[in-house]
Amino acid sequence: MADSIYRRIYAEVRRVPRGRVATYGQIATLAGFPRHARQVGYALHSLRESEESVPWHRIVNGQGEVSPRSVPGWDEIQRELLENEDVEFDARGRIDLVRYQWRPRSRRKAAARPRL
DNA sequence: TCCCTGACTGGTT
DNA sequence: AAACCAGCCAGGG
C-alpha cells in the first residue's frame, strides 16, 4: 500500500479542527512532502468509508474553493458539510482563507498561498 | 511491468 | 483572466 505517504497525509488532515479548512498544498507541506499537493488529492480520493475519521471535507484548493471532482454532487456535499461547521462561502462560492484557514503554529497574515 | 488517470499548484504564455 | 506546462506519486487494468 501507499500508506507511508498517504498515512502522513491523513494524519495531518485529521488535525484540521472543525470550522477550519486547509489547502492541499498546506497539508502536503505539513506532512513533510512540499509540492506534493496533487498527491494529497489522490490520497483523499482513495479514502474509504473505513477512514471516515478523516475530515476530507476540510480540504480545499489554494483559492479557497471546493475542488471539482470526477463524481458530480460530491462538491455540494462537501460544501454542506463545511457550512454545517459555520464556514461561510462568498457569492463566488469561495471561502475566505485569511479567515478560515487553519494555522497550526503561529497565526500570521495567513497568506492565501502557503509557501511551498 | 507498462500505461493511464486523478480532490493540485505555481509559474509562463 | 484563461489556457498551458511541468513537477509529483500511487493504484488498477
Side-chain angles (χ1 to χ4, degrees):
Chain A
M1 289 275 284
D3 308 273
S4 47
I5 180 168
Y6 280 19
R7 254 169 60 128
R8 300 280 304 271
I9 291 171
Y10 297 150
E12 291 304 321
V13 174
R14 271 189 280 258
R15 295 178 59 204
V16 182
R18 186 178 182 289
R20 295 265 150 182
V21 299
T23 65
Y24 296 94
Q26 180 186 3
I27 292 298
T29 299
L30 290 172
F33 304 100
R35 296 176 187 156
H36 292 209
R38 206 167 182 179
Q39 272 50 248
V40 173
Y42 303 156
L44 295 183
H45 176 74
S46 68
L47 275 177
R48 312 282 161 140
E49 313 231 346
S50 54
E51 282 121 348
E52 61 186 48
S53 59
V54 179
W56 55 270
H57 60 283
R58 296 183 189 140
I59 309 305
V60 297
N61 67 31
Q63 306 189 52
E65 26 187 40
V66 167
S67 285
R69 24 250 173 282
S70 43
V71 183
W74 258 134
D75 39 352
E76 269 182 43
I77 294 175
Q78 180 171 6
R79 176 165 174 160
E80 284 176 28
L81 286 170
L82 287 173
E83 292 184 320
N84 282 340
E85 299 187 348
D86 297 318
V87 172
E88 299 177 295
F89 287 77
D90 65 19
R92 285 182 279 172
R94 308 195 323 184
I95 296 167
D96 180 359
L97 290 180
V98 173
R99 184 174 171 189
Y100 291 104
Q101 183 172 33
W102 173 54
R103 296 186 279 287
R105 303 206 159 197
S106 54
R107 60 201 141 112
R108 301 195 167 178
K109 249 180 155 192
R113 333 244 158 186
R115 227 349 340 163
L116 299 184

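Heavy-atom basis, side chains included; hydrogens, waters and symmetry copies ignored. Lettering follows sequence order; numbering is per chain, from 1.
A search for side chain to side chain donor-acceptor pair (under 3.5 Å) contacts involving A:R94 returns nothing, not counting sequence neighbours. Under the rule for a salt bridge (charged side-chain N to carboxylate O under 4.0 Å, His left out), A:E80 has no partner lying at least two apart in sequence or in another chain. Residues forming a side chain to side chain donor-acceptor pair (under 3.5 Å) with A:Y24 (at least two apart in sequence, or on another chain): none. Shown here are the side chain to side chain contact (heavy atoms under 4.5 Å, CB included) partners of A:D75, two or more places apart in sequence or in another chain: A:V66, A:R69. Judged as a side chain to side chain donor-acceptor pair (under 3.5 Å), and not counting sequence neighbours, the contacts of A:E85 are A:H57, A:R58. A search for side chain to side chain donor-acceptor pair (under 3.5 Å) contacts involving A:R20 returns nothing, not counting sequence neighbours. Qualifying salt bridge (charged side-chain N to carboxylate O under 4.0 Å, His left out) partners for A:R15, counting only residues two or more places apart in sequence or in other chains: A:E12.
Taken residue by residue, residues 74-92 of chain A places no heavy atom nearer than 4.0 Å to DNA chain B.
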Extract from the structure each pairing of a protein N or O with an N or O of nucleotides 4-9 of chain C at less than 3.5 Å, listing the distance.
from: C:dG7; atom 1: O6; to: A:R38; atom 2: NH1; distance (Å): 2.6
from: C:dC8; atom 1: O3'; to: A:H36; atom 2: ND1; distance (Å): 3.4
from: C:dC8; atom 1: O3'; to: A:H36; atom 2: NE2; distance (Å): 3.0
from: C:dC9; atom 1: OP1; to: A:H36; atom 2: NE2; distance (Å): 3.1
from: C:dC9; atom 1: O4'; to: A:Q39; atom 2: OE1; distance (Å): 3.0
from: C:dC9; atom 1: N1; to: A:Q39; atom 2: OE1; distance (Å): 3.4
from: C:dC9; atom 1: O2; to: A:Q39; atom 2: OE1; distance (Å): 3.4

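Side-chain N or O atoms of A:R103 include one that pairs as donor or acceptor with a backbone N or O of A:Q101 at under 3.5 Å. A distance-only check finds no donor-acceptor pair linking the side chain of A:Y6 to the backbone of A:L44 [under 3.5 Å].
With salt bridges taken as basic N to acidic carboxylate O contacts below 4.0 Å, none links A:R92 and A:E65.
Rounded to whole angstrom, the span from the NE2 atom of A:H45 across to the P atom of B:dC4 amounts to 18 Å. Across the protein-nucleic acid pair, A:E65 atom CD and B:dT9 atom P stand 10 Å apart, rounded to whole Å. Between A:N61 atom CG and B:dA7 atom P the separation is 13 Å, expressed in whole Å. Per the geometry, OH belonging to A:Y24 stands 17 Å off C1' belonging to B:dG10, to the nearest Å. What separates CG of A:L44 from C1' of B:dT9 is a distance of 15 Å, to the nearest Å.
In this model, the phosphate group of B:dC8 is not approached by any side-chain N or O of A:T23 to a distance below 4.0 Å at OP1 or OP2.
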DNA chain C in dot-bracket form (Watson-Crick or G-U pairs under 3.5 Å, [ ] crossing, | inter-strand) is .||||||.|||||

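Note on residues 65-103 of chain A: pairs passing ring pair (Phe, Tyr, Trp, His ring centres under 6.0 Å), not counting sequence neighbours, are A:W56-A:W74.
For the C1' atom pair drawn from C:dG13 and B:dT1, the interatomic distance equals 12 Å after rounding to whole Å.
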